[in-house]
Undergrad: 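I'd like to ask you about the structure that follows.
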2 protein chains.
Amino acid sequence: MSRTPRPRRRVTLASLAAELKISRTTVSNAYNRPDQLSPELRERVLSAAKELGYSGPDPVARSLRTRRADTIGLLLDQPLSYSFRDPAAVDFVAGLANECDAAGRALLIVPAAPDHEPGAAADVVNKASVDGFVAYSVPENDPYFGAAMERHLPLVVCDQPAGIDGTVRVGIDDHAAMLALARIVLDLGHRSIGILAMRLGDSKRDGTTPLDAALASRYSVQRDRIQAIADAAAQQPHEVALTIIETASHTRESGARAAQAALDQDPGITALLCTTDVLALGAMTWAAEHGIVIPDELSVTGFDGTADAMRADLTTVVQPSEEKGQRAGEILMALAPSTGSREELLATSVHHGSTIAAPRRR
Amino acid sequence: MSRTPRPRRRVTLASLAAELKISRTTVSNAYNRPDQLSPELRERVLSAAKELGYSGPDPVARSLRTRRADTIGLLLDQPLSYSFRDPAAVDFVAGLANECDAAGRALLIVPAAPDHEPGAAADVVNKASVDGFVAYSVPENDPYFGAAMERHLPLVVCDQPAGIDGTVRVGIDDHAAMLALARIVLDLGHRSIGILAMRLGDSKRDGTTPLDAALASRYSVQRDRIQAIADAAAQQPHEVALTIIETASHTRESGARAAQAALDQDPGITALLCTTDVLALGAMTWAAEHGIVIPDELSVTGFDGTADAMRADLTTVVQPSEEKGQRAGEILMALAPSTGSREELLATSVHHGSTIAAPRRR
DNA sequence: TTGTACGCGTTATCAA
DNA sequence: TTGATAACGCGTACAA
């Protein structure tokens, strides 16, 4: 396999046309409107192009002229190496990418510097050559998101933030979904509950968080899920003690540590309701390592319905992550620049796994 | 949260300059060279920009002028939803994306249509506004890869294809790694081996593949690994029977089916050497469902060292997938357009898990 | 079927 | 410290 020889000088539409002694229009047409010139001429153009190492109209120049990049930008809350720890995020990106594939659009992942300086976020967002943005689960007041808003391009939000003027949101009813699950658990008779949640605050920290602080989080998804648990608890005929543990990072390991922290805080806890499957699986690992039998001695639930969770037969909320990505893409590509606000909620279900049971009698 | 009012007409550097009765250069400098104008004037420019909804120089026009997109393109063999079934691929992309983040570059995922028409591959590659490409594990003669070569941009290959003129390749020594693992297994005394491999042929098919066909595959990574097993087998003092099962898709489910197929083909098989962890985990699931005890009744090995595999304590080759992505990014960004060919092989190791043992006596 | 002329929005260069 | 001018490479009316 050998490469076409690298051109000495840059070959352009114009230089190619000059070489062939035809006009630039004709060369352009050879690529963009095959029906506008004779097949023979077109063939001559294409073969000369190959000869000279010209691989077609420059995409940047074309984009400038046509005002479209055929590319959509993806905004993430964190660097990809963190986001991808979460299978639900991976599924979302896969769904979105597939939709892009189908429409012949490329997907641009906007870099998210771990520690964003003030202007850096806007900078990197403004540098993205895209026709629109999808923001995946970013917190309220996120600087990247703010910068994307300022670009006045079509914008679709997945999950968070909700209620933003002039954007379309794709998501689920987090509150209703978690409410249903929490009721199932509480109705079994649990009175001391541990809640394991993802990051809630502005700074990264691990440990106990008061309920009111959790309900003031910028992460509305986490907030809604915790609110749902609180609501379900309030509806019980008896008091229910809630211990919330926040985890800065979102891994099984931090789930395990959070489980430990929860039971340190309140040894009477008989059920751990986790806001994600990853944390729940970590809690299960922790329990196994400490000889705690699930569900006999401890109930555990998750949220997401990832493949790993289903394999572990975790009792959890199943949400269509890949479909969310797909819908976000579909909507974005059908969107006029200034559409009114809209919300599209997809269906969820509860997977009745084998990780919950009535609390053991004392 | 409310959006800045959408501008009636498109605001540009020029229109903003006109509005302020200053030159375009000055506006440009306000963004790109803050030291080239007085702080007061700069402030005046920036606030007028905000007022009018101008979010800074158009990225496409800037790219045209500066001849750089600050974006690198990622070429995959398959649509993302397939690629992402493989945790090793996810890790690779995460590593690459992180490197891009650090360098302030965006990552463009080039769409790979499931069924590529003749010209579609070239089309989509030519439309990508990027400064260079990373190709991840694409087969020899892949049309997308060919099109990327024709663009004469910096190009880094991960894993496959090897030996391409004028490109840098990042990978591992697949043959050596698998040879080491295969010897360990064979030295335990196994004489009937099943090999579970990913796609080998041009068309998607499941089932038995003769050794010589496997060794003619366009997928050099699979080829090398299988060759290593064959070599290890040839070095044994006794005959070793090899049964190769090819799987079109790369999932645990197909791994399970392949395991079944292997033992249907040769019920005497006592060890399954899989070319990936995903297939090995599928084989383990299959064994569990059929009451076959691992490793007592069946030995199983994988390749990759994914998190799932490590959790299952699978005996496997561990390779640094995320680091491969990182190195690919580093090399690409330090690359001159026409560098000579080069190869960089990263280290691997064998994880001695609990899934192999000597074959059971008959 | 082909060619001409203009504009897309920016940055580099040089002059003031 | 600011401004004028010329590219960057292409798409597309419109005229021929």
Side-chain angles (χ1 to χ4, degrees), chain A residues 7 9-45 48-49 52-70 123 126-131 151-153, chain B residues 7 9-46 48-49 52-71 123 126-131 151-153:
Chain A
R9 284 172 209 140
R10 174 160 254 282
V11 183
T12 70
L13 203 71
S15 76
L16 183 58
E19 191 84 20
L20 288 168
K21 299 192 197 306
I22 58 177
S23 83
R24 296 191 314 235
T25 309
T26 303
V27 179
S28 176
N29 283 338
Y31 285 94
N32 302 321
R33 308 182 171 183
D35 54 316
Q36 294 294 302
L37 72 173
S38 65
E40 304 80 44
L41 180 54
R42 180 169 133 91
E43 200 37 62
R44 203 152 71 82
V45 172
L52 293 166
Y54 178 70
S55 50
D58 181 297
V60 174
R62 161 187 268 155
S63 284
L64 176 61
R65 184 63 242 221
T66 60
R67 303 302 316 154
R68 54 182 303 177
D70 279 339
D123 232 55
N126 286 336
K127 269 170 55 176
S129 300
V130 299
D131 301 324
R151 286 202 52 187
H152 304 291
L153 293 172
Chain B
R9 282 172 211 141
R10 174 161 254 280
V11 184
T12 69
L13 202 71
S15 75
L16 182 58
E19 192 84 20
L20 288 168
K21 298 190 197 306
I22 58 178
S23 82
R24 295 189 307 235
T25 309
T26 304
V27 179
S28 177
N29 283 339
Y31 284 94
N32 303 322
R33 305 182 175 183
D35 55 314
Q36 294 296 300
L37 72 172
S38 65
E40 303 80 44
L41 180 55
R42 179 170 134 91
E43 199 38 59
R44 205 152 68 82
V45 171
L46 262 35
L52 293 167
Y54 178 69
S55 50
D58 180 298
V60 174
R62 162 185 271 154
S63 284
L64 176 61
R65 183 63 237 216
T66 61
R67 304 298 320 151
R68 53 183 302 179
D70 280 339
T71 300
D123 230 53
N126 287 336
K127 270 170 53 176
S129 299
V130 299
D131 301 324
R151 288 204 48 189
H152 304 292
L153 293 173

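In what follows, chains carry the letters A, B, and so on, assigned in the order in which the sequence lines appear, proteins first and then strands, with residues in each chain numbered from 1.
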Undergrad: If you only use heavy atoms from C-beta on, which nucleotide in D:dT2, C:dT2, C:dA12 is closest to the side chain of B:L41?
TA: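 When the side chain of B:L41 is considered, D:dT2 is the closest of D:dT2, C:dT2, C:dA12.
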Undergrad: Within this structure, what is the CG-to-P distance between B:L37 and C:dT11, rounded to whole angstrom?
TA: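 Roughly 13 Å, once rounded to whole Å.
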Undergrad: B:S129 and B:A69: which non-hydrogen atoms are nearest, and at how many Å?
TA: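 Shortest heavy-atom separation between B:S129 and B:A69 comes out as O-CB, 3.4 Å.
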Undergrad: Quick one: A:D58 CG to C:dC8 P, roughly how many Å, whole number?
TA: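 About 19 Å, once rounded to whole Å.
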Undergrad: Among D:dC8, C:dT10, C:dT2, which nucleotide sits nearest the side chain of B:R62?
TA: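 Out of D:dC8, C:dT10, C:dT2, the nucleotide with an atom closest to B:R62's side chain is C:dT10.
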Undergrad: Could you tell me the separation between the CD1 atom of A:I22 and the P atom of C:dG3, rounded to a whole number of Å?
TA: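 For the pair A:I22 CD1 and C:dG3 P, the rounded distance is 7 Å.
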Undergrad: Rounding to a whole Å, what distance do you find between B:N126:CG and D:dG9:P?
TA: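 Taking atom P of D:dG9 as the reference, CG of B:N126 is at 16 Å.
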Undergrad: Ignoring hydrogens and angles, does a donor from either the side chain of A:T25 or the base of C:dT4 sit under 3.5 Å from an acceptor on the other?
TA: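 In this structure, the two groups form a donor-acceptor pair.
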Undergrad: Rounded to whole angstroms, how far apart are CZ on B:R68 and C1' on D:dC8?
TA: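 That distance rounds to 16 Å.
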Undergrad: Starting from P on D:dG11, measure out to CG on A:N32 and report it in whole angstrom.
TA: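 The distance from CG of A:N32 to P of D:dG11 comes to 5 Å, rounded to the nearest Å.
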Undergrad: Taking any heavy-atom pair under 4.0 Å as a contact, classify A:R24: base, sugar-phosphate, or nothing.
TA: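 It contacts base atoms.
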Undergrad: Return the minimal non-hydrogen interatomic distance between B:R10 and A:R67, and the atom names on each side.
TA: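 Reported closest heavy-atom pair: NH2-NH2, 2.5 Å.
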Undergrad: For A:Y31, report the nucleic acid contact type (base, sugar-phosphate, nothing); a contact means any heavy atom under 4.0 Å.
TA: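 Nothing, no heavy atom under 4.0 Å.
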Undergrad: Is A:N29 near enough to C:dT1 that one of its side-chain N or O atoms lies under 4.0 angstrom from OP1 or OP2?
TA: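 No.
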Undergrad: Any idea which of C:dT11, C:dT2, D:dC8 is nearest the A:S23 side chain?
TA: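 Side chain of A:S23 sits closest to C:dT2.
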Undergrad: Which atom names give the shortest non-hydrogen contact between A:L16 and A:Y54, and what distance separates them?
TA: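 The answer is CD2-CD2, 3.7 Å.
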Undergrad: I want to check something: taking the side chain as every heavy atom from C-beta on, are A:V11 and A:E19 in contact at a cut-off of under 4.5 Å?
TA: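 SC-SC contact between A:V11 and A:E19 ruled out.
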Undergrad: Could you check B:R68 against B:D70 for salt bridge (charged side-chain N to carboxylate O under 4.0 Å, His left out), going step by step and ending with a plain yes or no?
TA: CA-CA 6 Å; B:R68 53 183 302 179; B:D70 280 339; 2.7 Å; yes
Undergrad: From D:dG11, C:dT2, D:dT12, pick the nucleotide closest to the side chain of A:R33?
TA: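 The nucleotide sitting nearest to the side chain is D:dT12.
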Undergrad: Nearest to the side chain of B:T12, heavy atoms from C-beta on, is which of D:dC10, C:dG3, C:dG9?
TA: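 In terms of side-chain proximity for B:T12, the closest of D:dC10, C:dG3, C:dG9 is C:dG9.
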Undergrad: Is any side-chain N or O of B:S63 closer than 4.0 Å to OP1 or OP2 of D:dC8?
TA: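 No, no such contact exists.
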Undergrad: For B:D35 and for B:A61, find the nucleotide of DNA chain D with the closest heavy atom, then tell me which residue's nucleotide is more 5'.
TA: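 Residue closer to the 5' terminus by nearest nucleotide: B:D35.
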Undergrad: Taking atom C1' of D:dC10 as reference, at what distance in whole Å does atom CZ of B:R67 sit?
TA: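 Distance check: B:R67 CZ to D:dC10 C1' gives 11 Å.
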Undergrad: Do A:T26 and A:L20 come within less than 4.5 Å of each other through their side chains, counting heavy atoms only?
TA: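 Not in contact.
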Undergrad: Below 3.5 Å, does any donor atom in the side chain of B:R65 face an acceptor in the base of D:dA7, or the other way round?
TA: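 Per atom types, the contact qualifies.
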Undergrad: Can you tell me which nucleotide in D:dC10, C:dC8, D:dT2 comes closest to the side chain of A:L64?
TA: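 The answer is C:dC8.
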Undergrad: Measure the distance from CZ on B:R10 to P on C:dT10 and round it to the nearest whole Å.
TA: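 Taking atom P of C:dT10 as the reference, CZ of B:R10 is at 8 Å.
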Undergrad: D:dC10, C:dT11, D:dC8: which one has an atom nearest the side-chain heavy atoms of B:S28?
TA: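 Closest nucleotide among those given: C:dT11.
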Undergrad: Which listed nucleotide (C:dG3, D:dG9, D:dG11) is nearest to the side chain of A:P57?
TA: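 Shortest atom-to-atom distance from the side chain points to D:dG11.
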